[in-house]
Asks: 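Shown below is the structure under consideration.
Naming convention: chains lettered A, B, ... in sequence-line order (proteins, then strands); numbering from 1 in each chain.
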There are 2 protein chains.
Amino acid sequence: MKVTAPRSVVVLEGIVSTYKTTQAGRRQAMAYHVPGDVPDLQSLHLKVLDNSISAVGLCRVGFVQHDAIRHSMRAHPRLEAVFWRSTLIDAALVREWMLNVGRREAYARMAHLLCELITRLQVIGLSSDYTCLLPMTQPELADALGITPVHVNRTLRDLKAAGLITLRSRRLTVHDWEGPKAAAEFDPIYLHLGSDEAE
Amino acid sequence: MKVTAPRSVVVLEGIVSTYKTTQAGRRQAMAYHVPGDVPDLQSLHLKVLDNSISAVGLCRVGFVQHDAIRHSMRAHPRLEAVFWRSTLIDAALVREWMLNVGRREAYARMAHLLCELITRLQVIGLSSDYTCLLPMTQPELADALGITPVHVNRTLRDLKAAGLITLRSRRLTVHDWEGPKAAAEFDPIYLHLGSDEAE
DNA sequence: CGAATACTTGATTACCTTCAATACGCGTGG
DNA sequence: CCACGCGTATTGAAGGTAATCAAGTATTCG
């Protein structure tokens, strides 16, 4: 029964993923975290760790002591709602992935993941013209999509063949945004990017 | 773009599920909520609704105005952490379902869902001797497991044939807890039932 | 009591997995 | 500079789990 250290991770560069594994060792990614995210902010209130974190490709992370977070929340009470909201958005991303894994076939699933990444990276200035760096290997994509690495390969091949994407040496471009978006049924509402705070 | 009403649901009796649907109409349940749960507490901080709620069988629910929740949090500051933690546990349940749907085959998936239900209902006194009421129909189970209703039927048949469960007229019994638990790789750690609050 | 929904089972199909073998890319060292 | 080695990517063939199609039975509900 692992217990979290009294600190959380902050992603500074690169992409980090949270995941869980079955006892048989099969791995399922829960979400990707981009620079600025705190993948395990939940550990502030849940002492027992129920998922793991790993780097996807090279990345740089920082650590924040929980005490420091608590202190700043006491100093600025509105911060608590901000952090809380952040964990709620994380949960919303996981739910969308769940729909993806449970009810879309591999082709749409992959398209959806790529649309999400492009959109999120664009927001933080790491993507423009529907192009970004895709640091993850095919086995890592497989863990995010709930399929096998071999099938990831075939799915990417199909997406390329359909002209929806280009992917060469870690460089992803999504062509004709509306096409992939439709294939993926991608609707960014679940990312809660707008300033749609309640009240 | 749906916007939530300024209130949340409280489950009083029965089971409620949160779910999302693809544009093609395929439905994936995110979690089940038992009496005492607040399935959409997240709407306190996320104005835009990204999932839906529906009753699973007959149930009784109440509503709480967000203003009332905010008021009580101001009156009792420790409440904020309690509610926040509650949303974090909800997220943990969704993550476990994600692992279930993405990386376990139907048989283990079903066993896992049943183990979770029995465990959670036991905690609130709605199950004893590994027996409980199972209000959901097979199509509803299918939505929770990411499979088809037909396959739910076959999977239940197999579980019965293996002697792991009995299910007749909405009454579920899990025999020999260790067997199903092993088949499902069920480890209740993710339910955060202990008083494992951080700090 | 009739219609609608849920359950059950068989036959066929399809998506994805598994197994296997080969090719590619890239950093290292001869 | 090129050979080597390792991780990653690619492709083929065969197999399996679950989906789809279909038809009949049982239950529930109005």
Asks: Looking at A/K181 and A/D187, is any side-chain nitrogen of the basic one under 4.0 Å from a carboxylate oxygen of the acidic one?
Replies: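 A/K181 and A/D187: not salt-bridged.
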
Asks: Tell me: CG of A/D143 to P of D/dT8, nearest whole Å?
Replies: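 Atom-to-atom, A/D143 to D/dT8, this comes out as 12 Å.
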
Asks: Round to a whole Å and report the spacing from NE2 of B/H151 to P of C/dA14.
Replies: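 Result: 18 Å.
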
Asks: A/L159 has an atom CG; how far is it from atom C1' of D/dA9, in whole Å?
Replies: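 That distance rounds to 16 Å.
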
Asks: Any idea how A/Y130 and A/W177 line up, ring-wise: parallel (<30°), tilted (30 to 60°), or perpendicular (>60°)?
Replies: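 Correct class here is parallel.
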
Asks: Please check the phosphate of C/dC7 (OP1 and OP2 only) for any side-chain N or O of B/N153 closer than 4.0 Å.
Replies: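 The answer is no; no side-chain N or O of B/N153 sits under 4.0 Å from OP1 or OP2.
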
Asks: Could you tell me how the ring of B/W84 sits relative to the ring of A/W84: parallel (under 30°), tilted (30 to 60°) or perpendicular (over 60°)?
Replies: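 Taking A/W84 first and then B/W84, their aromatic rings lie parallel (interplane angle under 30°).
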
Asks: State whether B/R120 and B/E116 are salt-bridged, where the test is any N-O pair (Lys NZ or Arg NE/NH1/NH2 against Asp/Glu carboxylate O) under 4.0 Å.
Replies: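 Salt bridge flag = yes for B/E116 with B/R120.
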
Asks: Taking any heavy-atom pair under 4.0 Å as a contact, classify A/R26: base, sugar-phosphate, or nothing.
Replies: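 Result for A/R26 = nothing.
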
Asks: Backbone N or O of A/L133 within a donor-acceptor pair of the A/R171 side chain at under 3.5 Å?
Replies: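 Such a contact is absent between A/R171 side chain and A/L133 backbone.
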
Asks: Once you round it to whole Å, what is the distance between C1' of C/dA6 and CZ of B/R168?
Replies: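 Going from CZ in B/R168 over to C1' in C/dA6 covers 18 Å.
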
Asks: Would you please confirm or rule out a distance under 4.0 Å between OP1 or OP2 of D/dT10 and any side-chain N or O of A/R157?
Replies: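 No, outside the criterion.
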
Asks: For D/dT17, take OP1 and OP2 only and decide whether either is under 4.0 Å from a side-chain N or O of B/R109.
Replies: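 No, no such contact exists.
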
Asks: Nearest to the side chain of B/I147, which nucleotide is it out of C/dC7, C/dT9, D/dA18?
Replies: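 The listed nucleotide nearest to B/I147's side chain is D/dA18.
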
Asks: Base, sugar-phosphate or nothing for B/R104? Non-hydrogen atoms, less than 4.0 Å.
Replies: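 It contacts nothing in the nucleic acid.
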
Asks: What nucleotide, of D/dA9, D/dT11, D/dA19, holds the atom closest to the side chain of A/V150?
Replies: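 Out of D/dA9, D/dT11, D/dA19, the nucleotide with an atom closest to A/V150's side chain is D/dT11.
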
Asks: With heavy atoms under 4.0 Å as the rule, sort B/P139 into base, sugar-phosphate or nothing.
Replies: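 It contacts sugar-phosphate atoms only.
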
Asks: Between A/T137 and D/dT8, is there a contact of a side-chain N or O with OP1 or OP2 at under 4.0 Å?
Replies: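 No, A/T137 has no side-chain N/O under 4.0 Å of OP1/OP2 on D/dT8.
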
Asks: Can you tell me the distance, in whole Å, between the CZ atom of A/R170 and the P atom of C/dC24?
Replies: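 From A/R170 CZ to C/dC24 P: 17 Å.
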
Asks: Where the side chain of B/E105 is defined as all heavy atoms beyond and including C-beta, which of D/dT17, D/dG12, C/dC16 is the nearest nucleotide?
Replies: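 Side chain of B/E105 sits closest to D/dT17.
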
Asks: Over how many whole Å does the gap from B/L156 atom CG to C/dC7 atom P extend?
Replies: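 The answer, rounded to whole Å, is 9 Å.
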
Asks: Could you tell me how far apart A/L145 (CG) and C/dC15 (P) are, to the nearest whole angstrom?
Replies: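 So the two atoms are 17 Å apart, to the nearest Å.
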
Asks: Could you give the CG-to-P distance, from B/L134 to C/dA6, as a whole number of Å?
Replies: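 Atom CG in B/L134 sits about 14 Å away from atom P in C/dA6.
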
Asks: May I ask you to evaluate whether A/Q138 reaches the phosphate of D/dG7, defined as a side-chain N or O under 4.0 Å from OP1 or OP2?
Replies: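 No, outside the criterion.
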
Asks: Can you tell me if the side-chain N/O atoms of B/R154 get under 4.0 Å from OP1 or OP2 in C/dT9?
Replies: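 No, because none of the side-chain N or O atoms of B/R154 sits under 4.0 Å from OP1 or OP2 of C/dT9.
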
